[in-house]
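Structure first, then comments.
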Amino acid sequence: MKKVLYGIWVLYLISILANIIRRFGIEGSILISGLVKGELVFFILMVIVFLLLVKIDTKLFSKISIGTAMFLILVNLFLVYRNINYYANYSYTSFGIPRFMAERTIYLSIIQILIFQLSFYPKTKREILKYKPTTILIILVFGFLIYLSKTSLRSLEYFPKNFETIFGREYKYILAMSNLPTDCSIIHPPYGANDSEEYRWESIKIQPILRYFLIPRILVNPVVFSDEKTRETLKNTNCYYFVEIAEKGSEWPKIDKKNMTISFDRYFEKQISYEKIEEINSKNPVKVYKVKLNL
Amino acid sequence: MKWLTAFVYFVLAIIFMASKMLFVVKEGLIFENIIYGIDILFLIMIFGKSVWSFFKNKNEWPNIKINGYGIVFGLLILACWFFSFNYNVNKTIITGFDSIALYDARAKFQFMGISYRQMANIAPYDQLHKGYYLTYPPMVSDVHYYWEKYFPNIPVGVTENIEAIFLVLIIIVGVSGLLGINMALLIAFVTIANPLVFSVTLVEYSNLLFMVYFVGGVLAIIKFLDKKYFWELGFGIIFLQASMWIRYSEPLWFLVVLALIIVRKKYWKVLIPMFVAYLSWKTFVGGNGGWETGLKNLNFSLGIKVLITIIKSWSWFLGMMILTFFLNTKDKKLNIIFLFIKLVIIFSILMYVAGMYFLSLNYVWWEGVVKDSMLRSSVVLLPIVLIVYGLKLKESDENKEKFD
């Protein structure tokens, strides 16, 4: 049993090597393409040949297989990481090892070490029967958890490296507001208690997100304009800034220059008259307005 | 192992106590209400007695016999750590909604001289997020604040990697005595490499720090049940209090204390410092912090929907937790540990199910929480669940040797 496992391991190492050789030019050989493809029949034949011809020093082989497995884990982890962090096909173009093979090698190496270190491999049929179902189940649980870890490395691909990735098209508006002076309050798109199905504006309507970038400016959620008490206190505010969101389907707010009114609410139903409006930093692609409202 | 344990326990306890004491002093609370004073006094007393007991006791320390697969899992832990470190050290931003809007924002406010008390009233024109800045106690923001103050050129995300080191160390320190260093390294690896845990090392959330303290607290109590050294109970209490100082609205600490009292009734006194710690933050936030959930219009069909969503989301993890109930031991000493862990698991499952049900009654966005936050939050139980598996494996391995 042990000899078969050694044989398979050696063949696996050869098939990795064959991949590297193939990448650098030697193609067409049946031996190499067979090893690369890892065809089952070919593998079985090779194992039989190996078992018949090679005499194994088991102690030395145990050390060699654990050593190579450790080495392969580290090298292939590095390759998978470079595929994610550098470019997708890095491991193949540089070393001839496709990503799936690098990932598979890591798991096979871990299994290899577990087998030889824990001596989990059964020597005889009788020994297989000695294992209790719970023991096998527990080994499977740990094996599953090790297998699960492959998703972790992949998750690095999806994690953002800049605010543009997190906030998307809205980030340019947040950035435009963060460059404004602090003399006026800022009105942002509305966010009411029943607006959970409102997707026209995402982060730009959420005050805690905006405040992170805009502190110490006072932020006004236009929903509060409907509240008589709050409206009274807001009468003391001299001026407001707001950005005009221009993307189709997300336009906000609605400015009626003819009647000198603005609607900040969700359905643009409530008009608020203004005394004066001016567009500032007109060179910027994001339009920013300063307004004096008649509340 | 003695000095590693001392380093991990003392450093973690001191960081937590410093965060709490600085908060009480900076907010000027010490003379305001007696509860803050009692809370700090309890902490100092428990810490002092634990340190004294640590050095006074003739402790048994486990032998470190690391084998080949121990080395492999050690290397894999290092590789995992390096991958997340490389991401964190190279990014120029804070990742994740709450890490931007809450944890780092509060650190930013502190730089501007805004106290936590003032943060409660920082948003006069936003009824929706009233009290948002007090939903979580200050520890994670404090970590951000002091990191940004003393290491302004290193991204704050690197703190997650430091926390990851402590998570690995606390598992090694907590599990080695029971299961040996190699199994401890295996548990540390499958924990840190788990997609849910790995993902929180990439985001500046409170999950990882919470996990460090919560897992540390539970492991210390498990060790206490095994060896009965006071310092293990003392540090267990301190770490559980710290977990409360990070994520207040998840009463996992209470479930652990309850499980401890059920298996060892005479330790009911542990509840006193825990409740004082609980009340001190409650007194500070008053009606401002926390999720306001109430029992309104109990809905049976919604309950079923919540249950199905939870089962689907937890999937393999729920199976793994339930499976522990079928694992038993004949060893009397180990039986207590098995019982304790199983109680923690069953209480936690019930807490999450009940919590999500109440949430679904009050908020339409409950489904997102079940699929995302609940999963991330409950993964703190993973290394604790694995102890049962490890103990069982060790037991059957020993039996096998006897049989041979």
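Here the structure is a predicted model, which means the values were calculated and not measured.
- Contact of A:Ile166 with chain B is made through the side chain alone, with heavy-atom distances under 4.5 Å.
- Residue A:Ile215 touches chain B through both its backbone and its side chain, counting heavy-atom pairs closer than 4.5 Å.
- The six-membered or imidazole ring of A:Tyr191 lies away from that of A:Trp201, with a centre-to-centre distance of 6.0 Å or more.
- Proximity to chain B (any heavy atom under 4.5 Å) is restricted, for A:Phe167, to the side chain, taken from C-beta onward.
- Of the two parts of B:Met119, neither the backbone nor the side chain holds a non-hydrogen atom closer than 4.5 Å to a non-hydrogen atom of chain A.
- With ring centers used as reference points, A:Phe213 lies under 6.0 Å from A:Phe163.
- A distance-only check finds a donor-acceptor pair linking the side chain of B:Trp81 to the backbone of B:Asn161 [under 3.5 Å].
- Looking at A:Leu74, only its side chain comes within 4.5 Å of chain B, counting heavy atoms on both sides.
- Contact of B:Leu386 with chain A is made through backbone and side chain together, with heavy-atom distances under 4.5 Å.
- Contacts of A:Pro216 with chain B are made by both backbone and side-chain atoms, with heavy-atom separations under 4.5 Å.
- Of the possible polar contacts, one joining the A:Ser91 side chain to the A:Ile97 backbone as a donor-acceptor pair under 3.5 Å is found.
- Neither the backbone nor the side chain of B:Asp98 comes within less than 4.5 Å of any heavy atom in chain A.
- With a 4.5 Å cut-off on non-hydrogen atoms, A:Val223 does not touch chain B at all.
- With a threshold of 4.5 angstrom between heavy atoms, A:Leu210 does not approach chain B through any atom at all.
- Neither the backbone nor the side chain of A:Ile84 comes within contact range of chain B; no heavy atom of the residue lies under 4.5 Å from a heavy atom of that chain.
- Between the side chain of A:Arg231 and the main chain of A:Phe225, a donor-acceptor pair closer than 3.5 Å is present.
- Ring centers of A:Tyr87 and A:Tyr90: under 6.0 Å apart, within the cut-off.
- When A:Asn221, A:Thr230, A:Ile138 are compared by the number of non-hydrogen pairs under 4.5 Å with chain B, A:Ile138 comes out ahead.
- Separation of the B:Tyr103 and B:Tyr136 ring centroids falls under the 6.0 Å cut-off.
- Rounding to the nearest 0.5 Å gives a distance of 11.0 Å between CD1 of B:Ile114 and NZ of B:Lys108.
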